[in-house]
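Computed from heavy atoms alone, side chains included, the values below leave out hydrogens, waters and symmetry copies. Predicted model, so just to flag it, every value in this text is computed and none were measured.
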Amino acid sequence: MTNVNYTAELLQRDKIERKHIIELLKRIKDEYSISGNKITELGCGLGQNLEVFKDDNYIIGVEGVQDAVDLAQHLDINVILGDLNEPLMLESNSFDWVMCLDVLEHLMNPFELMKEIHRILKNEGKAILNVPNHFTLSGRVKMLFGNGMDVHNYFPNHKEWENPHIRFFTRSGFFEMIASAHFEIIDDYSYLVPSIPKSAMLINTGFSRNIYWVTKRFPALFAAGNFVVLEKL
């Protein structure tokens with residue numbers, strides 16, 4: 001196995017901090033009527049995303065951290081150990097949905113995993129992807145004044161040379177990779193996770209329409225990530 005630049009401890013932290021991802025997945029499950037499908041998540045961590053689909057779908061996760069695999073299996077989530085830097089031990093044309101959320105930025109060659117996602121999906125199968133946006137307006141200002149690439153302080157205890165993020169996607173570059181891997185973006189939920197100062201407070205005080213409008217109009221500047229649904233071409 002290739003060394004994985006993540007730990008079970010970080011995955012435990014993420015499980016607490018990423019409730020917004022769960023809400024988006026519940027919304028997608030409802031809007032696409034996802035039931036009776038075969039679903040895999042690549043880089044599934046502790047399996048909390050798969051739990052959204054567990055009751056009425058066949059699910060299997062692939063995770064590179066052995067401790068995380070053990071914890072997920074203990075919670076009765078079907079997870080196998082796998083190296084996302086290598087060809088997947090999953091059958092071609094066998095899945096209705098593939099999820100890969102906040103994983104591609106950890107890989108030396110994310111395009112190879114995109115090709116694997118294309119391979120294992122059925123014809124017209126769909127994928128749910130997300131990569132973080134380090135290049136929000138606030139992030140660009142921080143970089144301008146000498147901040148490192150971890151502008152959102154995702155990894156405060158890591159030195160610059162050991163940052164678990166080794167790819168930093170612009171929105172246009174991410175979309176170019178998607179098209180090159182023979183996918184079409186059919187839905188974009190990025191605007192639902194805004195990265196605007198005090199956005200959570202503003203949304204709770206009745207300004208959600210304004211915040212979401214601005215984020216949808218200028219996602220490269222104000223969306224915390226690029227959260228999209230793709231269809232295999």
Side-chain angles (χ1 to χ4, degrees), residues 14 17-25 27-28 31-32 42-43 49 98-115 117-118 126-156 158 160 163-205 207-233:
D14 292 347
E17 295 182 353
R18 291 162 54 82
K19 293 181 180 179
H20 60 285
I21 297 293
I22 299 297
E23 294 307 311
L24 283 175
L25 293 176
R27 175 171 177 157
I28 291 170
E31 291 182 354
Y32 282 86
L42 308 178
N49 297 331
V98 173
M99 296 190 292
C100 189
L101 304 170
D102 298 289
V103 169
L104 293 165
E105 66 274 12
H106 295 273
L107 304 179
M108 285 298 297
N109 194 344
F111 189 64
E112 291 302 314
L113 186 58
M114 290 296 300
K115 292 193 292 186
I117 292 171
H118 193 278
K126 296 175 178 61
I128 306 170
L129 302 187
N130 187 57
V131 297
N133 180 13
H134 294 266
F135 305 103
T136 59
L137 180 59
S138 62
R140 296 181 194 204
V141 171
K142 289 178 182 178
M143 281 186 273
L144 179 65
F145 286 97
N147 195 91
M149 290 298 290
D150 190 12
V151 294
H152 303 302
N153 204 31
Y154 290 135
F155 306 105
H158 286 72
E160 186 172 298
N163 190 323
H165 288 180
I166 59 178
R167 297 291 178 191
F168 298 87
F169 291 97
T170 61
R171 185 173 173 86
S172 60
F174 182 51
F175 284 12
E176 182 180 4
M177 182 179 71
I178 287 169
S180 296
H182 304 292
F183 287 98
E184 177 186 8
I185 296 173
I186 57 175
D187 251 326
D188 186 350
Y189 294 89
S190 307
Y191 73 98
L192 291 172
V193 187
S195 180
I196 297 174
K198 307 296 183 183
S199 59
M201 181 189 72
L202 291 170
I203 289 170
N204 289 333
T205 53
F207 288 90
S208 59
R209 180 176 297 180
N210 307 71
I211 294 295
Y212 292 142
W213 183 89
V214 170
T215 308
K216 193 169 188 175
R217 182 70 177 83
F218 304 104
L221 292 177
F222 297 116
N226 297 297
F227 196 105
V228 293
V229 177
L230 319 178
E231 185 169 89
K232 176 179 175 176
L233 299 177

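- Nearest heavy-atom pair across Asn130 and Ile21 is ND2-CD1, 4.4 Å.
- Looking at Asp102 and Arg18, a side-chain N of the basic residue comes within less than 4.0 Å of a carboxylate O on the acidic one, giving a salt bridge.
- Arg27 has a carboxylate O that lies under 4.0 Å from a charged side-chain N of Glu31, or vice versa, which qualifies the two as a salt bridge.
- Using a 4.5 Å heavy-atom threshold, the side chains of Leu107 and Ile166 count as separate.
- Within the structure, side-chain hydrogen bond (donor to acceptor under 3.5 Å, both in side chains) contacts touching residues 134-152 (residues at least two apart or in different chains) are His134-His165, Thr136-Ser138.
- Within a 6.0 Å sphere centred on NE2 of His182, heavy atoms belonging to other residues, nucleotides or ligands number 12 at most.
- Residue Thr215 comes nearest to Pro194 through the heavy atom pair OG1-CB, 3.3 Å, listed as atom of the first residue, atom of the second, then distance.
- With rounding to the nearest 0.5 angstrom, the CD1 atom of Ile196 is 4.5 Å from the CD1 atom of Ile211.
- Asp187 places a side-chain heavy atom less than 4.5 Å from the side chain of Tyr32.
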Exercise answer: donor-acceptor pairs, residues 225-233 side-chain atoms, under 3.5 Å, sequence neighbours excluded:
unit_1	atom_1	unit_2	atom_2	d
Asn226	OD1	Arg171	NH1	2.9
Glu231	OE2	Lys126	NZ	3.2
Lys232	NZ	Asn93	OD1	3.2
Lys232	NZ	His118	O	2.9
Lys232	NZ	Leu121	O	2.7

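- By the 4.5 Å heavy-atom criterion applied to side chains, Leu101 and Leu129 are not counted as neighbours.
- Once rounded to the nearest 0.5 Å, the distance linking CZ of Phe222 with CH2 of Trp213 reads 10.0 Å.
- Here the closest heavy-atom approach between residue Cys100 and residue Leu113 is recorded as SG-CD2, 3.9 Å.
- Contact of the Phe135 side chain with the Phe168 side chain is registered, since non-hydrogen atoms from C-beta on lie closer than 4.5 Å.
- Residues Tyr191 and Arg217 fail the side-chain proximity criterion, which asks for heavy atoms closer than 4.5 Å.
- Listed here is the closest heavy atom pair of Pro110 and Leu104: CB-O, 3.6 Å.
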**Message:** Using side-chain contact (heavy atoms from CB on, under 4.5 Å), reason through Ile178 and Met114 one step at a time and then give a plain yes or no.
**Reply:** CA-CA 8 Å; Ile178 287 169; Met114 290 296 300; 4.3 Å; yes

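- Separating the CZ atom in Phe183 from the CE atom in Met177 is a distance of 10.0 Å, to the nearest 0.5 Å.
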